[in-house]
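As structure tokens, the structure follows; a few thoughts come after it.
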Amino acid sequence: MISPPTSDFGNAAREGMHDDSQARTQARLALDGLKSRRAVQFSDPHEWAALRALGGLIREHTLRHLPELLETLETNLTANGIQVHWAETVEQGNAIVARLVGEEQVKQMVKAQSAVCTEMGLHHAIESLGVTVTESDVVGGLLQQGREWPSHMVIPALHKTGDQVAPLSGATVTDVEGLCRMARRTLRDKFAAADAGLSGVNFAVAETGTLVLVENEGNARMCASVPRMHIAVMGLEKVTARLEDVPPLLSLLTRSASGQAITAYVSMLSGPRRSDEKDGPDAVHLIILDNGRTRLYADPQWRKTLQCIRCGACQNHCPIYDKVGGHAYPGAYSGLIGTILAPQQLGNDDAGTLAQASRLCHPCTEVCPVLIPLDKLLIRRRIAQVQAAGDDLWLWRLWALIHRFPLLYRLHLVVLRSLGRVLPQMKPPSVNWPAALHPRRMTAQNLHQLARAQRISDA
Amino acid sequence: MDQSQTAARSAARPNTVYFYGTCLIDQFQPAAGLAGLKLLQAEGLDVIYPQGQSCCGQPPLVAGYADEARQVAWAQVRLFSRDLPIVVPSGSCATTMKRHYPDLFRGTEQQAEVEDFSARVYELNQFLVDVLGVRLVDHGAPIQVTWLGSCQAIRSLDLDRCAHVLLRQLDNVTLIELTRDFECCGFGGGLGQHRPEIAATLGAQRIAAVSATRAELAIFDDCGCMLTLENGLAEAVPPTRPRHIAEFLWDRSHD
């Protein structure tokens, strides 16, 4: 069983940060590359602002009409011959897949990379049924062999170097072309032999009953079209109303995620093979997963988290993520969006320390292609954390008392400054306090006094 | 003259403004606060400095203590009741008051008054450039500087653009750009308190980047960032002296 990362952000972060290995350095270089490529794609600030506003509107619209859109989606998918299943919990989702696997006597399965599948632990669930599951993503497969958890939602093996990846493949190739050739050789057989293919979904169009898959390798398309059964899993927020929503969302997704105008493959799947078609699966199933999303939906501000299109730009630009790496974050989603999603999906306790994994610096909020106010949501998350378990309440109550009343504030400045002078060797209140923020460094006259001396008006 | 300056000159120009000093400037860098105030007076404005002001409430807010943040925030809002712009010499404080106050008071009786307050908040550099359209003349000797905008405000409050406009007006000042501008000093947002090693790593990287520019001065908009990096900047090889942009602009243009 591949273990998910620890829920103790503190320790995991420390490990990630002190990892000076080539792998970490390479991951950081890779992140730098992703950031620059994205910047090149969005070099026109007016186009960025307009497209982003449109993306935000489309996603907001989806959420405003989510129940009706999901109903319409189900109706049109069903009309297209796609069978729709609803799973409130991860357990229910896995049970549905288990049933399908049993009914169709699936012995071998090929799987494309999917964050929702990671969220569900689906790979392990299927394997425990005695089914052989092959990750058809080249690096996903190598992670599987190495029993490793993905560290980035778009590039799961960001934490690996070429040298580390090659031994996992059992080959001596380290160059990209060599790996691709090897993958093609081994994977083609797997695709041909598989009874079922498993994939995620990037967007589901309610109007036409279409599933959209976005990828560079082509393996998701193979999973969805070669084996006789295709099982797709998606979070319920992935629905969008109209086909014309897809181009702007796609443009925002690929340019934000990997700095590509478009990925090598964009598949739009509208049902199983029809009688006059040469290829396609005999049966297509879609599992729509909740797993805490309706809890987020119920709150008008948390709801905005569901606008996420999983581009990963927020984590690419996060200085914390850059330092500690994706394995410090619990659950399937790392970086900022993970910080907000994880407590909802895993419960407050498990992901409690995560709320501190930010310095509210803003790049994430600025690069989000669908205008999710990540900084505001993070503050909200911290407020919720404190309401659950606020350790420093009395400290902050005292602080607030001092700062609410002008006389108390000025008195406390006098006290602090006197202490600073009388005890010059006094340590700062906490070892974590920057050394420059010491009462000893408070000036002889503060700004209030200088303003009064200059006869600046008070009101 | 660029577009924003033309727009600024033609837009309504206030005669009187409020000045919100911020607690860190009050206690550690009051000269910077006074410089900001004098920059506004030099443009012919009357400046009001309500003596009852203390702190915007950013520390409890980022720690998640909403009630305590609200109490202190409301105490500030009440002091700035006239319909005048409120100029703030700090990117993080301006962001707190402009962007986060409305959420903090959503659904409360004070919501409307707080939203009106937030709409009138300007970061100092933004006010100088976009509202006043200042044109500074450099009286100082040639100098090389680098600029560290506080991470929250550099884009969301147009701080980066406005600071660049002002620094470039000074003919004898050579501005050396820092790379990796998304990085930050690491202290704010509660990180220095809860995750000191991460904050320390961020700060160290920032200091190394500044030192590598070999600039004489590192110009800051935010006193919190300055205080965080001050010791490290002094110990770096070569060292760099930190300076608040208000003080720098005033000294260069009013010698």
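Numbered from 1 within each chain, the chains take letters A, B, ... in sequence-line order. As the structure is a prediction and not an experimental result, all values here were calculated from the model.
Taking the ring centroids of Y409(A) and H403(A), they lie under the 6.0 Å cut-off.
Distance alone, capped at 3.5 Å, is enough to place a donor-acceptor pair between the R120(B) side chain and the L84(B) backbone. A distance-only check finds no donor-acceptor pair linking the side chain of H317(A) to the backbone of L31(A) [under 3.5 Å].
Checking D221(B) against W147(B) by side-chain atom types alone, no donor-acceptor pair falls below 3.5 Å. Inspection of the H100(B) and Q152(B) side chains reveals no N or O donor paired with an N or O acceptor under 3.5 Å.
Residue contact with chain A, scored on non-hydrogen atoms closer than 4.5 Å, involves the side chain of R82(B) exclusively. Proximity to chain A (any heavy atom under 4.5 Å) is shown, for D26(B), by both the backbone and the side chain. Residue contact with chain A, scored on non-hydrogen atoms closer than 4.5 Å, involves the side chain of L24(B) exclusively. For L34(B), the parts lying near chain A are the backbone and the side chain together; criterion is any non-hydrogen pair under 4.5 Å. For Q445(A), the part lying near chain B is the backbone, with the side chain staying farther off; criterion is any non-hydrogen pair under 4.5 Å. Only the side chain of R410(A) comes within contact range of chain B, with at least one heavy atom under 4.5 Å from a heavy atom of that chain. Interface remark: C223(B) contributes no atoms to any contact with chain A (heavy atom separation under 4.5 Å).
Of the residues considered (L393(A), L447(A), I383(A)), L447(A) shows the highest number of contacts with chain B, using heavy-atom pairs under 4.5 Å. Across Q449(A), R452(A), E366(A), Q454(A), the residue that shares the most heavy-atom pairs under 4.5 angstrom with chain B is E366(A). Most heavy-atom pairs under 4.5 Å with chain B: of the set R404(A), M442(A), H362(A), H448(A), this distinction falls to H448(A). Per-residue counts of heavy-atom pairs under 4.5 Å with chain A were compared for G33(B), P60(B), P50(B), A75(B); the largest is that of P60(B). Between chain A and the options D46(B), I48(B), L104(B), the largest number of non-hydrogen pairs under 4.5 Å is found for I48(B).
Between F80(B) and F117(B), the two ring planes are perpendicular [angle over 60°; tilted spans 30° to 60°].
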Y20(B) and Q76(B): side chain to side chain donor-acceptor pair (under 3.5 Å), yes or no, with the steps?
-> CA-CA 9 Å; Y20(B) 190 88; Q76(B) 314 307 302; 3.0 Å; yes
Please test N125(B) against E123(B) for side chain to side chain donor-acceptor pair (under 3.5 Å), starting from the C-alpha separation and ending with a verdict.
-> CA-CA 6 Å; N125(B) 294 281; E123(B) 191 277 328; 2.8 Å; yes
